[in-house]
There are 2 protein chains.
Amino acid sequence: MNAIEEVARRAGVSRATVTRVVQGHRYVSAGTRARVQQVVQELDYRPSSAARTLASGRAGALGVVLGGPLDPESATWVAAVERATRLTGRALVVRTVPDGCPGSLTRAVQELAAQQVDGIALLCPSQEVDLPRLRDAAGTVPLQSAHDWEGEHNTWTSSGVLAVRHLRSVGHAVVHVVVGDPEAARAQALLRRSTVGPSTARVRVVTVGRDPAGTGPTVATALATSGASAVVAESDRTAWHLLSDLRRLGVRVPEDVALVSCGDAPGAAFSRPGLTVVRHHLAGPATRLVDGLLHGPAVRPPSAGPPDVELVVRGSCGTTAGRLAAAG
Amino acid sequence: MNAIEEVARRAGVSRATVTRVVQGHRYVSAGTRARVQQVVQELDYRPSSAARTLASGRAGALGVVLGGPLDPESATWVAAVERATRLTGRALVVRTVPDGCPGSLTRAVQELAAQQVDGIALLCPSQEVDLPRLRDAAGTVPLQSAHDWEGEHNTWTSSGVLAVRHLRSVGHAVVHVVVGDPEAARAQALLRRSTVGPSTARVRVVTVGRDPAGTGPTVATALATSGASAVVAESDRTAWHLLSDLRRLGVRVPEDVALVSCGDAPGAAFSRPGLTVVRHHLAGPATRLVDGLLHGPAVRPPSAGPPDVELVVRGSCGTTAGRLAAAG
DNA sequence: ATGAAAGCGCTAACAA
DNA sequence: TTGTTAGCGCTTTCAT
């Protein structure tokens with residue numbers, strides 16, 4: 001006999017009523033509700049999510065597809081999305097696409113979409129993604145990319161503004177921004193507003209390629225010969241490699257070049273000098289992303305709440321230690 | 001009309017046959033199979049996983065519950081499990097339990113077990129877990145803890161042996177091992193064999209508590225006053241904090257104390273000195289964990305294959321840079 | 001090698 | 001406020 005039916009029988013009601021109680025519906029008399037809940041307890045009744053999904057058409061889960069490995073950097077985002085998802089009572093299915101190539105991404109999205117999830121969050125920091133194509137693969141399942149999300153209010157856009165503004169404010173007229181693929185979503189976001197507004201400094205983009213370690217020396221050399229005095233790195237890993245490559249060239253950080261990076265990985269404080277970073281607070285963005293997936297994008301961009309980015313000053317930028325928050 | 005029924009109709013077969021073809025069953029004539037596959041292509045037919053789960057009783061997913069946040073350290077494990085899971089064609093559901101308390105863990109396991117997954121991997125590095133209780137909560141769903149897994153062949157056990165052996169081999173007769181909670185699964189595993197075998201050195205355990213940053217100075221002081229000359233840290237974070245706390249006390253690393261940590265987080269190479277670490281290769285362990293969940297634990301412990309741990313020598317241990325691999 | 005038919009456990013109209 | 005009923009889309013015996 002069905003679990004739900006057993007509950008119904010013992011409580012002397014119909015299955016429908018059990019469903020109503022379990023789902024917290026209105027229109028159940030207090031007495032009935034109590035009786036049913038009692039039986040639910042006794043029997044330790046747990047609805048089968050598969051049956052529920054099949055009958056309701058809702059999956060009770062969200063998916064996240066990572067266009068790359070689940071490395072410590074992406075983990076931060078995944079963690080935030082997981083939390084936001086859990087708070088809605090849903091499960092989070094994680095799918096990585098180590099090679100990050102378009103075909104694999106598409107397949108991953110299709111697989112997730114195949115009834116498994118109610119929405120898909122895309123986390124592809126380092127590559128260009130064809131959103132329309134992926135939306136198509138997702139069929140009716142909503143899909144949002146964390147990096148294109150919220151336009152000007154995007155975490156990375158705010159990071160760029162904050163980092164450049166800080167370096168500008170301490171006297172650097174030209175700021176070099178080091179990114180992997182300049183076409184990638186994250187880099188695009190980072191650069192979106194770096195060059196405008198009161199924080200204006202001349203910004204030059206320097207490209208590293210997919211692997212921060214790969215072309216490091218070349219980049220460091222380029223930076224050194226172009227006389228760069230201020231650098232923003234897209235990630236802590238890039239910053240670390242820059243740090244060590246620059247040292248190898250005899251360029252001192254922060255004396256000769258001031259360095260700010262984005263992320264604040266656990267080791268960021270422990271390199272020498274410690275990395276000045278733009279730290280990301282992802283609770284807000286992740287929550288909005290999840291809500292957007294579930295209820296459609298918000299009509300208006302977020303306004304209230306604590307800022308999503310914060311400057312943590314350590315040794316690498318050559319200014320006094322401390323913190324600066326900004327609304328981006 | 002059912003998707004599968006439509007396929008069946010167009011291919012001129014029954015639904016059962018479509019199922020057989022889709023699942024790669026034997027006993028389908030080549031002709032029939034081809035015809036069905038043709039139609040499957042045309043219609044881009046994707047079986048509903050909910051319906052499949054309901055009808056078959058198999059979920060097509062594995063779950064991982066994290067007894068703590070999804071931080072960069074756990075991310076490495078999750079990534080490995082995700083990969084292993086994906087290679088079996090299954091999805092991975094991630095559930096964190098930020099507070100890590102027994103009640104929450106139990107609830108998390110119950111939720112996952114409620115029809116959602118075919119097996120659960122437990123990742124609780126920093127706390128004692130009551131495995132029987134959690135198994136009970138999981139009901140019929142198999143559950144394994146990554147940290148109790150494989151006994152002597154456990155990754156952390158091997159790490160302990162390797163780290164202590166190395167320090168011993170360069171002349172340290174006493175090795176201090178710094179762990180969070182000594183009752184926690186990871187610490188237990190780390191210490192399991194550190195004190196025995198040809199690598200014998202006297203091992204003293206020093207406890208940090210849950211947060212590596214929390215009691216750091218105290219621990220560093222204790223280490224300094226006890227005249228420790230060699231230290232193994234349970235994690236890179238612990239090691240970093242130790243590094244900075246020791247420096248503050250005027251204790252030099254590696255001149256005064258040699259330090260080895262476990263993990264090899266992205267920043268490990270960039271602290272000064274760089275951290276000598278035991279790096280973990282989790283592909284093997286994760287694969288075996290997943291297989292164990294799916295087909296029951298292997299009869300015999302793993303023997304072949306590359307070692308799961310590797311010593312990466314950098315500055316912090318005071319020996320020449322290089323690498324040493326060991327079968328643990 | 002293939003088909004028929006009985007569910008898997010629950011939800012959601014609709015009726016009462 | 002509660003019960004009735006018709007599925008949700010697929011798998012799996014059991015026959016053939």
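Residue numbering restarts at 1 for every chain, and letters A, B, ... go by the order of the sequence lines. From a predicted model like this one, the values you see are computed outputs, not experimental measurements.
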What's the closest nucleotide to the A:S29 side chain, out of C:dC10, D:dT1, C:dT2? D:dT1
Side chains of B:L105 and B:L134: does their closest heavy-atom pair fall under 4.5 Å? yes
Which nucleotide sits closest to the side chain of A:S56: C:dA12, D:dT11, C:dC10? C:dA12
Tell me whether the side-chain N/O atoms of A:T32 come closer than 4.0 Å to OP1 or OP2 in D:dT2. yes
note: A:N2, atom CG; C:dC10, atom P; distance rounded to Å ~ 6 Å
If you define the side chain from C-beta out and look only at heavy atoms, does anything of B:V290 sit under 4.5 Å from B:V81? yes
Phosphate oxygens OP1/OP2 of C:dG3: is one of them under 4.0 Å from a side-chain N or O of B:S14? yes
Rounded to the nearest angstrom, tell me the gap between atom CD in A:E5 and atom C1' in D:dG3. 13 Å
Between B:R86 and A:T96, is there a side-chain donor-acceptor contact under 3.5 Å, judged purely by atom types and distance? yes
Look at all strands and tell whether B:V13 reaches a base, only sugar-phosphate, or nothing, counting heavy atoms closer than 4.0 Å. sugar-phosphate
Do B:S158 and B:T155 meet the criterion of a side-chain donor-acceptor pair at a distance under 3.5 Å? no
Please classify the nucleic acid contact of A:S48 as base, sugar-phosphate, or nothing, using heavy-atom distances under 4.0 Å. sugar-phosphate
Is it the case that D:dG9 (base atoms only) and B:R46 (side chain only) share a donor and an acceptor within less than 3.5 Å, ignoring hydrogens and angles? no
Distance only, no hydrogens: is a donor on one side chain within 3.5 Å (strictly under) of an acceptor on the other, for B:T53 and B:R58? no
In this structure, how many angstroms lie between the P atom of C:dC8 and the CD1 atom of A:I4, rounded? 14 Å
Closest to the side chain of A:R58, out of D:dG3, C:dA12, C:dT11, is C:dA12
How is B:T53 classified with respect to the nucleic acid when contacts are heavy atoms under 4.0 Å: base, sugar-phosphate, or nothing? nothing
Report the nucleotide, chosen from C:dA5, C:dT11, D:dG3, that has the shortest atom-to-atom distance to any side-chain atom of B:R15. C:dA5
Round to the nearest Å and state the distance from A:L54 atom CG to D:dC10 atom C1'. 8 Å
Check the phosphate of C:dA12 against A:Y27, side-chain N and O only, distance under 4.0 Å to OP1 or OP2. Yes or no? no
Whole-Å gap separating C1' (C:dG9) and CD (A:E6): 14 Å
Between A:R9 (CZ) and C:dG9 (P), how many Å, whole number? 16 Å
What's A:G31 touching, base or sugar-phosphate or nothing? Going by heavy atoms closer than 4.0 Å. nothing
Short side-chain N/O contact to D:dT2 OP1/OP2 from A:T17, under 4.0 Å: no
Quick check on DNA chain C: between B:A16 and A:R52, whose nearest nucleotide comes earlier from the 5' end? B:A16
Rounded off to whole Å, could you give me the CD-to-P distance for the A:Q23 and C:dG9 pair? 18 Å
How is A:R33 classified with respect to the nucleic acid when contacts are heavy atoms under 4.0 Å: base, sugar-phosphate, or nothing? nothing
Can you check the B:R20 CZ to C:dG3 P distance for me, whole Å? 8 Å
Looking just at side-chain N and O atoms, do A:E42 and A:Q38 make a donor-acceptor pair shorter than 3.5 Å? yes
